[in-house]
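I have placed the structure first, in the form of structure tokens, so that the comments after it can refer back to it.
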There are 2 protein chains.
Amino acid sequence: MTLDRYDRAILNALQKDSSISNLDLSKLIGLSTSACLARTKNLKELGVIKQFTTIVDERRLGMETIAFIMVILSPLNRETANFFLEQINKLPQVLECYSITGNKDYLLKIVVKDMPTYKDFVIDSLMSIPGVSRVETSIVINTEKRTLSIPTED
Amino acid sequence: MTLDRYDRAILNALQKDSSISNLDLSKLIGLSTSACLARTKNLKELGVIKQFTTIVDERRLGMETIAFIMVILSPLNRETANFFLEQINKLPQVLECYSITGNKDYLLKIVVKDMPTYKDFVIDSLMSIPGVSRVETSIVINTEKRTLSIPTED
DNA sequence: CTTGAAAGAGACACGTC
DNA sequence: GACGTGTCTCTTTCAAG
């Protein structure tokens, strides 16, 4: 499965604005509507397109505090890891969780209302998970850049 | 400006799947199509809805390496910071950039093809920016959780 | 891949209550 | 806020080149 320049153009356009109509999209990339629609459909079925979604301004929802937390699990074994991830997946404040290389085990992205809520979250929800031994917090001062557009080449 | 439960329901649904039709959306949240459409429009105009976008599977695009990089700028003054952010905004490999509290200044999320490309990126694109004195890399082993759904309450 | 046609669905602006 | 109506555009499928 290899993507040609039309597929890439479709993906780029949809990443910028998924509400574009198939008609406009086909004009934009220089294909007929039928060909364009078939490709978009195909990209969805192949799993290249995972989801159409909406980016919401967290600030305007009253969620003012964004934080990244690095977590060390100990002991780091399959049991504690599985249980940790199970809990993480249940917590709506955790938007992202990555297992990473380096001297920390996990990196979490957190969104909450304010700092007091953040403090409660860390103590009550995070530190209370068995195996979570140390956490290191970085509060986001400002989002300088944020895009979902994966480069489609290089 | 305060959002009621209908607005929240709209936002939750659109975050899950922005390709839902207004008809289905109105059924889902229990409003008429006209009321539902007016609210969605309003949320867009208010800036609560920032963008409709598409989540693409980076792996299937051949972008196998995701990394988080923490950057220390020195000297950290307005000039180096501005220039740094200017360069960052030009680099398509940098999907996200946050200024953060703690002993690092910035946190970047990077997506590239493979590790050799990553090495080149750090040396040629990142370290070559004046003021970038130290970087600390965490390669993503696995994405354990990833959602864009901002909690609409709490 | 393209073009063209045809049918169905949804968007959207109006009124009215 | 709900509902109905009408128009218009887009989607979607299907031919045939």
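All values derive from a computational prediction rather than experimental measurement. Proteins come first, then strands; the chains are lettered A, B, ... in the order of their sequence lines, and each starts at number 1.
DNA chain C is contacted by no residue of residues 4-11 of chain B, taking any non-hydrogen atom closer than 4.0 Å. At a non-hydrogen distance threshold of 4.0 Å, B:S21, B:N22, B:L23 from residues 14-24 of chain B come into contact with DNA chain C.
Contact annotation for B:T33: no contact, since no heavy-atom pair falls under 4.0 Å across all strands.
Under a hydrophobic-cluster definition in which Ile, Leu, Val, Met, Phe, Trp and Tyr are linked whenever side-chain heavy atoms come within less than 4.5 Å, directly or via other members, B:I150 and B:L46 are assigned to the same cluster. B:L91 and B:F83 fall within the same hydrophobic cluster, defined by Ile, Leu, Val, Met, Phe, Trp and Tyr side-chain heavy atoms under 4.5 Å apart, directly or through other members. Both B:I20 and A:I20 belong to a single network of hydrophobic side chains, linked directly or stepwise wherever heavy atoms of I, L, V, M, F, W or Y lie under 4.5 Å apart.
In this structure, B:F68 and B:L108 have side chains that are not in contact, with every pair of non-hydrogen atoms separated by 4.5 Å or more. Considering only heavy atoms from C-beta on, A:N142 stays 4.5 Å or farther from B:Y98 through its side chain. Counting heavy atoms from C-beta outward, B:F84 and B:D105 have side chains that stay 4.5 Å or more apart. Residues A:D7 and A:R39 form a side-chain contact, since some pair of their non-hydrogen atoms from C-beta on lies under 4.5 Å apart. Using a 4.5 Å heavy-atom cutoff, the side chains of A:I141 and B:I100 are not in contact.
Comparing the local axis fitted to the first five base pairs of the helix from C:dC1-D:dG17 to C:dC17-D:dG1 with the one fitted to its last five gives a bend of 20°, rounded to 10°.
Partners of B:K113 according to the salt bridge (Lys or Arg N to Asp or Glu O under 4.0 Å) rule, which considers only residues two or more places apart in sequence or in another chain, do not exist here. For A:D114, there are no salt bridge (Lys or Arg N to Asp or Glu O under 4.0 Å) partners, not counting sequence neighbours.
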Practice task
Before giving the answer on side-chain contact (heavy atoms from CB on, under 4.5 Å), spell out for A:I66 and A:I110 the whole-Å C-alpha distance, their side-chain angles and the decisive distance to 0.1 Å.
Solution key: CA-CA 6 Å; A:I66 305 174; A:I110 311 292; over 6 Å; no

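Under the 3.5 Å distance criterion, with hydrogens and angles disregarded, no donor-acceptor pair is assigned to the side chains of B:T117 and B:D120. When only modelled atom types and interatomic distance are considered, B:T53 and A:Q15 share no side-chain donor-acceptor pair under 3.5 Å.
The side chain of A:L37 approaches D:dT12 more closely than any other nucleotide in the set D:dT12, D:dC14, D:dC3.
D:dT11 atom P lies 11 Å from atom NZ of A:K44, rounded to whole Å. Rounded to whole Å, the distance from CG on B:N42 to C1' on D:dG1 is 14 Å.
When DNA chain C is scanned 5' to 3' for any atom under 4.0 Å from a heavy atom of chain A, the first and last hits are C:dC1 to C:dT3.
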